[in-house]
A.B. asks: 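Have a look at this one.
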Amino acid sequence: MSKLWGGRFTKTAEEWVDEFGASIGFDQLLVEEDIEGSLAHVKMLGKCGILTEDEVEKITEGLQKILVKAQNGELEYSVQNEDIHLNVEKFLIDEIGPVGGKLHTGRSRNDQVATDMHLYLRKQMEEILLEIKNLQNALVQQGKQHIETLIPGYTHLQRAQPVSFAHHLMAYFWMLERDYNRYADGLKRVNISPLGAGALAGTTFPIDRHYSAELLGFDGIYENSLDAVSDRDFILEFLSGSSILMMHLSRLCEEIILWSSQEFRFIELDDAFATGSSIMPQKKNPDMAELIRGKTGRVYGSLFSLLTILKGLPLAYNKDMQEDKEGMFDAVTTVKGSLKIFTGMIETMTVNTDVMEKATHSDFSNATELADYLASKGMPFRDAHEVVGKLVLHCIQQGHFLLDLPFADYKEASSLFEEDIYEVLQPKTVVARRNSAGGTGFAQVQLALEKAETLLNNKTLF
């Protein structure tokens, strides 16, 4: 079978060389985008008088037939035709005859593949935005049920201060909000058209790039043909944003894994998101959370791979850039799958409120409240910090917690202590009093949930 570009060559490549150089094994995922771009291109060629109405009609009908076959899984791709562009062109010529070869007038595979990836990534990022919103909503719904559910808050993985469980969940809501905004902003760079930039220098044909961009729903065109075919910043932005998103998910995975352990028992995952052991019948493993935590590395790898591919490339297109797709495809699959799984995990998990509550009574996470209490009565905070530190040490030596300590011990530590100290030290009081903006106080958490729901309801995805 002769190559569609083979006129210059006197020898054919070995079969294994063709296989090594071909991208059809993975870029066939772009078949619908490739046909979509071609339909716009041929319509533009007709509008500009470059092709006749009859040629445009035949090519359009042929492409539409191929699209149906693609959607039905009826196309058989050939390594001999290298990539999705040449495969589709060959299908078209087989379908309508030599006139199909006119489709490539005024464009190159270089601007064609860039257009395909812009179209593909735009669609995928819009779907990811929807999945982020779904996960945010799941966090809000769980949070609404647990405004006054207490959980130990940690720093250095040591108990620090008690917080509302809803407040803890909402921290991830706002991380995801930043992720959402990064993707939404990145769409501005995705939604521009390289079509018509040619191989690198434009074309001599009187094409209308703005018209084809409009047909494809792009906001505008690349202003420089060299930049149009060599730019992969839009994929790098996607992979960078995806890496940050996966890092956020991985952090919550780590907490879910800890919380569901026998040592914590704060939550229990639904059976649909856990697995058992082949040898230990008692096991219920948080495998989906562990898997998402592990898959985060795949996305990081795709980002660093593409950065490395691009760092030494001169303008314009180079074959190295064929390696830009697999990481992008893999990241899309990983991110979408992780978000869907996470939404289900959050929606269905059981929160062991009594275990969480008990944990907040069995530590010294209310110690800061004592220091604030003394400071509010005029003692310098640094002095109050030392007084409370000595009280905590005394409790440890006596096998007590602060709520168990006799009042006489408080009076001995400082005359500023009054009987109300026991109410001040109650975990719910500790949490409720932290009512500064963005704090864990119940009133603030309620406001945060209301603000989040309003944000979600008013969100225009695209």
Side-chain angles (χ1 to χ4, degrees), residues 1-9 12-13 18 21-120 193-200 202-209 211-216 218 228-229 317 322 325:
M1 185 185 299
S2 63
K3 301 281 190 183
L4 292 178
W5 46 261
R8 159 69 174 79
F9 290 77
T12 58
D18 278 343
S23 61
I24 189 60
F26 50 86
D27 69 10
Q28 60 186 265
L29 289 173
L30 297 172
V31 62
E32 292 190 23
E33 287 76 18
D34 198 70
I35 295 171
E36 182 184 355
S38 292
L39 286 167
H41 183 66
V42 73
K43 187 172 182 178
M44 180 274 295
L45 291 176
K47 172 183 177 290
C48 295
I50 299 168
L51 296 184
T52 68
E53 287 186 18
D54 183 60
E55 289 170 333
V56 170
E57 184 178 346
K58 285 181 180 178
I59 292 173
T60 299
E61 289 178 358
L63 287 171
Q64 289 170 340
K65 288 179 182 178
I66 296 168
L67 179 59
V68 171
K69 289 180 181 179
Q71 292 168 337
N72 293 335
E74 298 171 0
L75 296 178
E76 293 186 14
Y77 301 101
S78 167
V79 170
Q80 184 72 18
N81 289 325
E82 300 178 16
D83 56 35
I84 189 58
H85 323 299
L86 294 185
N87 269 268
V88 169
E89 188 170 339
K90 182 64 166 60
F91 294 144
L92 183 63
I93 292 170
D94 290 345
E95 185 74 39
I96 65 173
V99 69
K102 293 192 173 187
L103 171 61
H104 208 54
T105 305
R107 72 175 181 183
S108 162
R109 281 188 293 175
N110 294 356
D111 61 328
Q112 190 177 355
V113 68
T115 302
D116 290 359
M117 288 191 292
H118 277 271
L119 292 171
Y120 171 85
S193 175
L195 188 58
L200 74 163
T203 177
T204 58
F205 291 96
I207 63 172
D208 186 342
R209 291 187 61 207
Y211 180 65
S212 59
E214 181 183 341
L215 291 174
L216 292 169
F218 288 122
V229 297
Y317 184 84
Q322 181 171 292
K325 299 172 194 63

A.B. asks: Could you check whether any side-chain heavy atom of Lys90 comes within less than 4.5 Å of a side-chain heavy atom of Tyr77, counting everything from C-beta outward?
C.D. replies: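 Side chain of Lys90 against side chain of Tyr77, heavy atoms only: no contact under 4.5 Å found.
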A.B. asks: Leu86 versus Arg109: any side-chain heavy-atom pair under 4.5 Å?
C.D. replies: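 The answer is yes, as the side chains (C-beta and beyond) meet within the 4.5 Å cut-off.
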A.B. asks: To the closest 0.5 Å, what do you measure between CG (Leu45) and CZ (Phe205)?
C.D. replies: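 These two atoms lie 8.5 Å from each other.
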A.B. asks: With a 6.0 Å cut-off (strictly less than), is the heavy-atom count around CD of Glu214, excluding the residue itself, greater than 12?
C.D. replies: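 No, not enclosed.
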A.B. asks: How would you list, by chain and number, every residue that makes a side-chain hydrogen bond (donor to acceptor under 3.5 Å, both in side chains) with Lys65, sequence neighbours excluded?
C.D. replies: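 Per chain and number, Lys65 pairs via side-chain hydrogen bond (donor to acceptor under 3.5 Å, both in side chains) with no residue.
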A.B. asks: Could you state the interatomic distance from OG (Ser38) to CZ (Arg107), rounded to the nearest 0.5 Å?
C.D. replies: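 The CZ atom of Arg107 is 3.5 Å from OG of Ser38, to the nearest 0.5 Å.
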A.B. asks: With side chains defined as the heavy atoms from C-beta onward, is the minimum distance between Leu195 and His41 less than 4.5 Å?
C.D. replies: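 Result yes, sub-4.5 Å side-chain heavy-atom pair found.
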A.B. asks: More than 12 heavy atoms of other residues, nucleotides or ligands under 6.0 Å from CD of Glu74: yes or no?
C.D. replies: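 Buried by this count: over 12 neighbours within 6.0 Å.
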A.B. asks: Looking at Leu119 and Gly37, what are the two nearest heavy atoms and their distance?
C.D. replies: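 Where Leu119 meets Gly37 most closely, the heavy atoms are CD1-N, 4.1 Å.
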A.B. asks: What's the separation between atom CG in Leu103 and atom CD in Gln112, rounded to the nearest 0.5 Å?
C.D. replies: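 One gets 7.0 Å once the value is rounded to the nearest 0.5 Å.
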A.B. asks: Minimum heavy-atom separation for Thr203 and Gly196, please, with both atom names.
C.D. replies: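 Result for this residue pair: CG2-O, 4.3 Å.
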A.B. asks: Please name the pair of heavy atoms, one in Thr115 and one in Leu216, separated by the smallest distance, quoted to 0.1 Å.
C.D. replies: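 It is CG2-CD1, 4.1 Å.
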A.B. asks: Heavy-atom count around Lys58 NZ within 6.0 Å, excluding the residue itself: above 12?
C.D. replies: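 No, not enclosed.
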A.B. asks: For Ile50 versus Ile207, what's the shortest heavy-atom pair and its separation?
C.D. replies: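 Result for this residue pair: CD1-CG2, 3.8 Å.
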A.B. asks: Could you tell me whether Lys43 atom NZ has more than 12 heavy atoms of other residues or ligands within 6.0 Å of it?
C.D. replies: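 Not more than 12 within 6.0 Å, no.
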A.B. asks: For a quick test of reading the model, state the closest non-hydrogen atom pair linking Ala228 to Pro194 and the distance between them.
C.D. replies: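 It is O-CB, 3.6 Å.
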A.B. asks: Within this structure, what is the CD-OG1 distance for the pair Glu53 and Thr60, rounded to the nearest 0.5 Å?
C.D. replies: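 Separation between the atoms: 11.5 Å.
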